[in-house]
Participant: 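My questions all concern the structure below.
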Amino acid sequence: MSPSSLTRSKLPLSGRIVMFFIRHIQHATASMGELWRTPVSSIMTMAVLGVSLSLPAALQVLVKNVENITHSWSSAAQISLFIDGSRSEQSIQSLIARIKVYPEISDIKYITRAQALAEFQQQSGFGDALSYLDENPLPAVVIVTPSSRYSTPVGARELLAKLEQEPEVSFGRLDIEWLEKLQALVNVLERTVFGLAALLILAVVLVIGNTIRLAIMNRRNEIEVMKLVGATEAFIQRPFLYTGIWYGVIGGTLAWLIINLLVWFLSGAVTTFIGLYGSNMQLQSLSFSELLQMVCAASFLGWLGSYLSVRQHLRAIEPS
């Protein structure tokens, strides 16, 4: 049994707990000092980790902003109900009164046959030709705006099927195919984020593992002496594990800064572009809570890469 183990066995439980945390703080501080003693290689490794982590983070920001755009556009989806031409005005008003009480509907707009014809003449450019018609061929239209719950493609289709059962409705039209295509694009982006994140996570683990391997080789003689005097493997590997955690923490913070600077650089141009389509949405960046999540994930990856490297290479070093 090593002297340190004998000392620990003589301490009470509270003293052993305090010494446990003190040793961890000492190793964490010492590992940070090792990084400062090799600034060039440390900065290069952290930069590689920051850039690697910023790529999936950038795609995540893109997906988040596209989802916000999709939500704002889908909330404005409308259903056009074309009324049977044989129905009287009183019958149409009765239809409007009935569907007004539907909880799935937030707003209703009624366009008479005369209003539909006037709007068509103004927008189509065939005003003179339409004046030769004996009667108005256009039906009356009731435009229904679904509530937020039924503004999604699935909910809007359910509402359309329900409204088409009304006897005054000839047929309904839901111009939502473009929303479904946009949602499919968002799903593709999400899968791309997951796939690219998996590849870059593997790259981060390999980079940190190789960096720790080089650090172990540089301290080979020191590790042999520590094993000769009875140091446990847990005691020897702890500084290397904290080095990997520091790499992850700083690399994750750097990735967060890169993404927020990129969003700040692009926000003006993107806001102007989105404004052309009648939206005042602002480009969203990574929040502080997302910074904490990124740092926690990156520190875990740093620990994992260090642990795999340490477990493989420390066992190969034995005092001669």
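As the structure is a prediction and not an experimental result, all values here were calculated from the model.
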Participant: Between Val310 and Tyr307, is any pair of side-chain heavy atoms under 4.5 Å apart?
Facilitator: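 A side-chain contact under 4.5 Å is absent here.
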Participant: Roughly how far, to the nearest 0.5 Å, is NZ of Lys227 from CD of Glu224?
Facilitator: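 Here the rounded value is 8.5 Å.
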Participant: For a 4.5 angstrom cut-off between non-hydrogen side-chain atoms, does Leu49 reach Leu254?
Facilitator: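 Side chain of Leu49 against side chain of Leu254, heavy atoms only: no contact under 4.5 Å found.
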Participant: Assess whether side chain to side chain contact (heavy atoms under 4.5 Å, CB included) is satisfied between Gln93 and Tyr110, documenting all intermediate values.
Facilitator: CA-CA 9 Å; Gln93 293 300 327; Tyr110 173 48; 3.6 Å; yes
Participant: Closer than 3.5 angstrom, by distance alone: can the side chain of Ser91 be matched with the main-chain N or O of Arg87 as a donor-acceptor pair?
Facilitator: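 Looks like no, no N/O pair under 3.5 Å.
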Participant: Are Val142 and Ile99 side-chain neighbours, meaning at least one heavy-atom pair lies under 4.5 Å?
Facilitator: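 In short, these two side chains touch, coming nearer than 4.5 Å.
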Participant: Treat each ILVMFWY residue as a node, draw an edge where side-chain heavy atoms are under 4.5 Å apart, and state whether Val141 and Val144 are in one component.
Facilitator: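 No, separate clusters.
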Participant: How far does CD1 of Ile236 sit from CZ of Arg219, to the nearest 0.5 angstrom?
Facilitator: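 So the gap between those two atoms works out to 10.0 Å.
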Participant: Rounded to the nearest 0.5 Å, how far does CD1 of Ile245 lie from CH2 of Trp303?
Facilitator: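 These two atoms lie 8.5 Å from each other.
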Participant: Are Glu158 and Lys162 close enough for a salt bridge, meaning some N to O gap below 4.0 Å?
Facilitator: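 Salt bridge: no.
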Participant: Please give me the minimum heavy-atom distance between Leu163 and Val169, naming the atom from each residue.
Facilitator: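 Residues Leu163 and Val169, closest heavy atoms: O-CG2, 3.6 Å.
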Participant: Looking at Gln115 and Thr112, would you say the former's side chain and the latter's main chain have a donor-acceptor pair under 3.5 Å?
Facilitator: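 Side chain of Gln115 to backbone of Thr112: a pair is present.
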Participant: Would a distance-only check, ignoring hydrogens and angles, find a side-chain to backbone donor-acceptor pair under 3.5 Å from Ser147 to Glu104?
Facilitator: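 Yes; judged by distance alone, with no hydrogens or angles, the pair exists.
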Participant: Under 3.5 Å, is there a donor-acceptor pair between the side chain of Asn218 and the main chain of Leu214?
Facilitator: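 Yes, Asn218 side chain to Leu214 backbone: donor-acceptor pair under 3.5 Å.
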Participant: Of all the heavy-atom pairs spanning Ala255 and Gly50, show the shortest one and how long it is.
Facilitator: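 Reported closest heavy-atom pair: CB-O, 3.3 Å.
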Participant: Can you name the closest pair of heavy atoms from His313 and Ile216 and give their distance?
Facilitator: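 Closest approach of His313 to Ile216, heavy atoms only: CB-CD1, 4.2 Å.
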Participant: Walk me through whether Val188 and Arg191 qualify under side chain to side chain contact (heavy atoms under 4.5 Å, CB included).
Facilitator: CA-CA 5 Å; Val188 170; Arg191 290 178 179 268; 5.9 Å; no
Participant: Counting distance only, does the side-chain N/O of Ser94 pair as donor-acceptor with the main-chain N or O of Gln90 below 3.5 Å?
Facilitator: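 No; judged by distance alone, with no hydrogens or angles, the pair does not exist.
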Participant: Is a donor on one side and an acceptor on the other found under 3.5 Å between the side chain of Trp256 and the backbone of Ser287?
Facilitator: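 At least one qualifying donor-acceptor pair exists.
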Participant: Take Ser42 and Trp246 through the side chain to side chain contact (heavy atoms under 4.5 Å, CB included) test and state the conclusion after the steps.
Facilitator: CA-CA 10 Å; Ser42 299; Trp246 283 123; over 6 Å; no
Participant: Restricting to salt bridge (charged side-chain N to carboxylate O under 4.0 Å, His left out), what partner residues turn up for Arg98, sequence neighbours left out?
Facilitator: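 Arg98 satisfies salt bridge (charged side-chain N to carboxylate O under 4.0 Å, His left out) with Glu166, Glu168 once adjacent residues are dropped.
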Participant: Between Thr253 (side chain only) and Val249 (backbone N and O only), is there a donor and an acceptor less than 3.5 Å apart?
Facilitator: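 It does hold such a pair.
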Participant: Applying side chain to side chain contact (heavy atoms under 4.5 Å, CB included) to Thr145 and Ile105, what does each step give before you reach the verdict?
Facilitator: CA-CA 6 Å; Thr145 302; Ile105 297 174; over 6 Å; no
Participant: Looking only at heavy atoms, what is the nearest atom pair of Leu200 and Pro56, with distance?
Facilitator: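 Nearest pair, atom of Leu200 first, then Pro56: CD1-CD, 3.0 Å.
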Participant: Ignoring hydrogens, what is the shortest heavy-atom contact between Ile79 and Pro146? Give both atom names and the distance.
Facilitator: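 That would be CD1-CG, 4.3 Å.
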Participant: Linking I/L/V/M/F/W/Y whenever any side-chain heavy atoms sit under 4.5 Å apart, do Val40 and Ile250 land together?
Facilitator: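 Not linked; separate clusters.
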Participant: Evaluate the side-chain proximity of Ser306 to Ile208: yes if any heavy-atom separation is below 4.5 Å, no if none is.
Facilitator: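 Contact flag for Ile208/Ser306 side chains = yes.
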Participant: Working to the nearest 0.5 Å, report the span between CD1 of Ile201 and CZ of Phe300.
Facilitator: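 Result: 9.5 Å between the selected atoms.
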Participant: Check whether more than 12 heavy atoms from other residues, nucleotides or ligands sit under 6.0 Å from atom CE of Met44, and answer yes or no.
Facilitator: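 No.
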Participant: What about Ile259 and Leu266, same hydrophobic cluster or not, with Ile/Leu/Val/Met/Phe/Trp/Tyr joined at side-chain heavy-atom distances under 4.5 Å?
Facilitator: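 The answer is yes; both residues are in one hydrophobic cluster.
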Participant: List for me each residue that meets ring-ring contact (aromatic ring centres under 6.0 Å, His included) alongside Tyr242, sequence neighbours excluded, and say none if there are none.
Facilitator: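 Partners of Tyr242 under the ring-ring contact (aromatic ring centres under 6.0 Å, His included) test: His24.
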Participant: Do Met294 and Trp264 sit in the same hydrophobic cluster, where Ile, Leu, Val, Met, Phe, Trp and Tyr count as joined when their side-chain heavy atoms come under 4.5 Å apart?
Facilitator: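 In one cluster with Met294: Trp264, yes.
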Participant: Could you tell me which non-hydrogen atom of Ala57 sits nearest to which non-hydrogen atom of Leu286, and how far apart they are?
Facilitator: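 It is CB-CD1, 4.3 Å.
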Participant: Would Ile258 and Leu301 show up in the same hydrophobic cluster when neighbours are defined by side-chain heavy atoms closer than 4.5 Å?
Facilitator: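 As far as the 4.5 Å side-chain criterion goes, Leu301 and Ile258 are not connected within one cluster.
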Participant: A side-chain contact here means heavy atoms from C-beta on lying under 4.5 Å apart; do Leu160 and Glu164 qualify?
Facilitator: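 Yes, side chains in contact.
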Participant: Could you grab the distance from atom CG of Leu95 to atom NZ of Lys100, nearest 0.5 Å is fine?
Facilitator: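 That separation rounds to 11.5 Å.
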Participant: When rounded to the nearest 0.5 angstrom, what is the spacing between CG in Leu261 and OG in Ser54?
Facilitator: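 The CG atom of Leu261 sits 11.0 Å away from the OG atom of Ser54.
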Participant: With a 4.5 Å heavy-atom cut-off, do Arg213 and Gln312 have their side chains touching?
Facilitator: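 Not in contact.
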